[in-house]
Amino acid sequence: RSYGVSGQHSGRVLLLHLAVVGLLAALQFLLPPFHHGMLARVMVLAAYAVGYNVLLGYTGLMSLGHAMFFAAGMYGTALTIHHLGFGVAAGFLAGAVTGLAVAAVVGLLTLRTTGPAFLIVTMMLAQSFYLATLYWNGVTGGDQGFILTGLHLDLPGRRLALAEPTVKYNLALAILGACLLASLWLTRSPVGRVLVAMRGNEERTRLLGVPTEKVCVIHHGKDERFTPHRDESRLGKLRTKYGITKKVILFVGGIDLRKN
């Protein structure tokens, strides 16, 4: 691996992520307040998509229950604020912990399955979660949910009302930016390399509809002409022809930014 090229490529990817965040930050000065709220919702859903991209795009695991973790985080935030009187910051932290806890429990069950069984188990657990929210509708609000009003985010020397479109926009932007950078760090880490390696699974590839029987990996071969030569007279002629007086290493190849 050429570490210089790899580092240069990673730097460009990081700059692209930062450019997207910077563009969204600048866009708020051009949009009216109504669009602030709409785009804030889009960015929250984009943060959800970043997580699903790690699961499906990098790992190759197709899940039918990924929204369950998104809902667990939202309920963890809203219920602790509404019923336990948590502040906004503490509520967001509770939501993150709730999502991680649900993911850990679900992972213990689903990661023991593969192929179609993985899809079925994730779908069943997601439906169970959905039915639980309907059963305890006195707490969760059922399929209607509930609305939190009058929330404020307390910062050192300043109190921000979450009802303000600009505050919503920047809070959603901060969440999306954190998710993008966390995803980039994870996929570039050793753990991320393992996740990418899991994607190379023929059974799951077939499950996605790819005709794997039409895909054949042909390994490199070599002609007999490229075997080591022991004829000293021929080697002597080559040394004389090219002016070789010391031992050399001949590398045949090229540097391509698409390669590792």
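Between T133 and T140 the shortest heavy-atom distance is O-OG1, 2.5 Å. What you find for G91 and T80 is that their closest heavy atoms are CA-OG1, 3.8 Å. Here the closest non-hydrogen pair linking H66 and L55 is ND1-CD2, 3.8 Å. Counting all heavy atoms, side chain and backbone alike, G95 lies closest to T77 at CA-OG1, 3.3 Å.
Residues L79 and L162 share a hydrophobic cluster, clusters being chains of Ile/Leu/Val/Met/Phe/Trp/Tyr side chains in contact below 4.5 Å. Under the 4.5 Å side-chain contact rule for hydrophobic residues, V42 and L27 share a cluster. L171 and V50 fall into different hydrophobic clusters, where Ile, Leu, Val, Met, Phe, Trp and Tyr are joined by side-chain heavy atoms under 4.5 Å apart, directly or via other members. Hydrophobic cluster membership is shared by L238 and I244, with clusters built from Ile, Leu, Val, Met, Phe, Trp and Tyr side chains linked at under 4.5 angstrom.
Within 6.0 Å of OH in Y130 there are 12 or fewer heavy atoms belonging to other residues, nucleotides or ligands. The local environment of NE2 in H17 is crowded, with over 12 non-hydrogen atoms from other residues, nucleotides or ligands closer than 6.0 Å.
One distance of note links CG of N53 with CG of L180; it measures 10.0 Å at 0.5 Å rounding.
Side-chain atoms of F118 and S63, non-hydrogen and from C-beta on, do get closer than 4.5 Å to each other.
The one candidate from L109, V102, L108 that meets the side-chain contact (heavy atoms from CB on, under 4.5 Å) condition with V106 is V102.
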Note to self: Run Y169 and M43 through side chain to side chain contact (heavy atoms under 4.5 Å, CB included) and show every step you take.
What the structure shows: CA-CA 8 Å; Y169 187 96; M43 288 189 287; 3.9 Å; yes
Next item on the list: Could you walk me through whether D231 and L235 pass the side chain to side chain contact (heavy atoms under 4.5 Å, CB included) test, one step at a time?
Entry: CA-CA 6 Å; D231 188 348; L235 293 176; 5.7 Å; no
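Between Y48 and Y52, the ring-plane angle classifies as parallel under the 30° and 60° cut-offs.
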Using residues 142-160 as the side-chain source, report each donor-acceptor pair under 3.5 Å to any protein atom, sequence neighbours left out, with the distance given to one decimal.
unit_1, atom_1, unit_2, atom_2, d
H152, ND1, G150, O, 3.1
D154, OD1, R159, NE, 3.0

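Side-chain N or O atoms of Y75 include none that pairs as donor or acceptor with a backbone N or O of T98 at under 3.5 Å.
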